[in-house]
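Data block below; observations after.
Note on naming: letters A, B, ... go to the chains in the order of the sequence lines (proteins, then strands), and numbering restarts at 1 for each one.
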Amino acid sequence: MKFQTINGFKDILPDEAALWQRLEQTARSIFRRFGLQEVRVPIVESTELFARAIGEATDVVEKEMYTFADKGLTLRPEATAGLMRAYIEHGLHVQQPVQRLFTIGPMFRHERPQKGRQRQFHQIDVELIGASEPGLDAELIAMAQLLLDDLGLKVSLEINSIGCPQCRPAFRQKLVQHLHDQQEQLCADCRRRINTNPLRTLDCKNSQCRSLVQDAPSIVDNLCQDCATHFAGVRCGLDTLAVPYQLNRFMVRGLDYYTRTTFEFITADLGAQAAVAAGGRYDGLVEQLGGPKNTPGIGFALGMERLILLLEQQQAEQDIARDRADLFAAALGDKAVATCAPLVHELRKHGLYATMDYSSRSLKAQMKQAGRVKARFALIVGEQELDKQEAVLRNMDTQEQTAFSLHGASKDVAARLTKML
RNA sequence: GUGGGCGUAGCUCAGCUGGUGGUAGCACCGGGUUGUGGCCUCGGAGGUCGUGGGUUCAAGUCCCAUCGCUCACCCCA
């Protein structure tokens with residue numbers, strides 16, 4: 001019996017973990033400048049919360065959730081619902097009119113895994129709650145763009161507005177009418193979608209469907225006055241901030257809570273999973289979850305695995321800069337090991353990355369190991385030196401070697417040694 | 001849920017129309033340097049060829065089943 005990660009779940013080993021750290025650090029650095037605050041919420045919530053927030057009829061809720069049916073609990077398939085629950089539960093709206101929050105962590109969806117899609121995946125999730133001005137939409141999108149730029153990734157931005165409960169039903173009806181008229185020519189999936197989720201036909205990948213919806217009614221032409229004005233404001237804001245974008249009137253959302261502004265950052269380098277970040281406005285969500293009335297919000301999620309894949313592709317040639325050890329102690333013999341161990345520990349108290357080998361292997365083997373941890377210095381402690389209370393300090397870069405006295409308590413020896421490194 | 005591709009060393013992979021599992025590369029260990037890393041050189045260790053059946057004198061190779069991985073559909077970050 002051999003244990004292994006189960007399908008759709010993945011180990012992140014040290015080399016890759018370095019990239020994850022870089023990604024998170026870059027994100028945190030950007031978020032700080034935009035005044036975002038971190039929150040950490042549980043990965044388990046009541047099933048009812050997700051059903052209510054995401055929508056009973058969505059694929060995510062209908063067939064992709066990891067649910068403990070007997071307990072009424074579910075592993076979160078996305079972050080927004082839990083964040084909104086926390087926002088409402090703790091009355092965050094009272095503390096500040098606009099809350100700027102982010103969270104980072106794992107999400108779970110029981111889909112068939114493929115490139116850029118795991119069953120456990122990670123998102124960086126940002127939410128701005130409590131304001132609806134279009135300038136805020138533009139700021140949020142510009143921030144996401146800045147983050148992706150800082151990571152050195154080339155992605156393109158697409159935006160759309162999907163209206164609100166005022167104007168979407170009318171548009172939906174109009175679209176259904178149009179689709180009915182050419183039902184025979186649509187693919188089987190799209191024929192089914194006419195009834196289940198007509199908006200989805202707009203981004204079908206089937207080429208024939210694609211050309212058929214080209215002259216379908218466009219949602220941006222069917223927005224109510226408020227939504228149209230708002231969307232114009234968002235576009236204007238993006239222009240002001242010099243964020244290039246493409247209007248994609250076929251872009252829709254799979255989660256029910258979205259309203260008005262929607263956007264996606266797309267890459268051509270990930271196969272079928274093109275979206276590395278996506279989000280939009282959700283002006284009715286807080287109220288729908290039992291929070292204060294008229295609390296608008298907007299947010300987005302970045303797919304971390306997808307970003308990591310891009311980062312890996314991009315710098316396939318460069319190897320990741322590993323931390324250099326400050327000192328490697330090569331101890332030859334039991335006495336030497338006994339001398340080095342407390343010394344190394346003292347160096348670590350001084351904040352240095354020091355390490356040693358306890359096995360008393362050949363000096364050659366230990367030097368090799370020193371090279372492997374990219375040690376800047378090696379301290380060679382052998383029997384010859386020990387008799388004289390001395391060691392050899394070798395600069396691994398210049399190959400210079402000097403005698404180093406081991407006289408005194410290891411604490412004092414370490415203090416002297418630290419100065420020489 | 002539906003299709004396609006692939007399972008040989010820790011990793012990346014050779015292995016042609018069946019005829020003894022590769023001096024393959026990387027990584028690991030040791031020698032060359034009686035106590036000095038990277039480069040070089042020599043050697044070593046490491047495998048139920050995913051698993052179970054079948055065909056055959058003979059199966060990593062052909063057939064069937066099964067498990068696993070992967071890509072795509074669907075859906076989504």
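Annotation for A:Gln37: atom CD does not count as buried by contact number, only 12 or fewer foreign heavy atoms lying within 6.0 Å.
Distance alone, capped at 3.5 Å, is enough to place a donor-acceptor pair between the A:Thr103 side chain and the A:Val39 backbone.
A donor-acceptor contact closer than 3.5 angstrom is absent between the side chains of A:Arg22 and A:Thr26.
Taking atom NZ on A:Lys10 and atom P on B:A77, their separation rounds to 19 Å, with Å as the unit. The CZ atom of A:Arg324 sits 12 Å away from the C1' atom of B:G38 (whole-angstrom rounding).
Contact of A:Arg394 with B:G37 (side chain to base): a donor-acceptor pair of N or O atoms is detected under 3.5 Å.
With both pairing distances under 3.5 Å, B:A72 is matched to B:U2 as a Watson-Crick or G-U wobble pair. The partner of B:G21 is absent, by the rule that a Watson-Crick or G-U pair needs both atom distances under 3.5 Å. Nucleotide B:C62 has B:G54 as its partner under the Watson-Crick or G-U criteria, with both atom distances under 3.5 Å. The partner of B:G43 is B:C29, by the rule that a Watson-Crick or G-U pair needs both atom distances under 3.5 Å.
Each of B:U36, B:C73, B:A77 was ranked by its minimum atom distance to the side chain of A:Gln273; first place goes to B:C73. Of the candidates B:C74, B:A77, B:G35, the closest approach to any side-chain atom of A:Gln123 belongs to B:A77.
At the heavy-atom level, A:Gly116 lies under 4.0 Å from base atoms of the strands shown. When heavy atoms are screened at a 4.0 angstrom cut-off, A:Gln399 is found touching base atoms of the nucleic acid. Note on A:Leu255: only backbone sugar-phosphate atoms sit closer than 4.0 angstrom, heavy atoms only; bases stay farther off. Among the protein residues, A:Ile380 comes within range of the nucleic acid bases, having at least one heavy atom under 4.0 Å from a base atom. Here A:Asn7 lies in heavy-atom contact (under 4.0 Å) with sugar-phosphate atoms only.
Aromatic ring orientation, A:Tyr257 versus A:Tyr282: perpendicular (interplanar angle above 60°, classes split at 30° and 60°).
Rounded to whole Å, the P atom of B:C64 lies 49 Å from the corresponding atom of B:G30.
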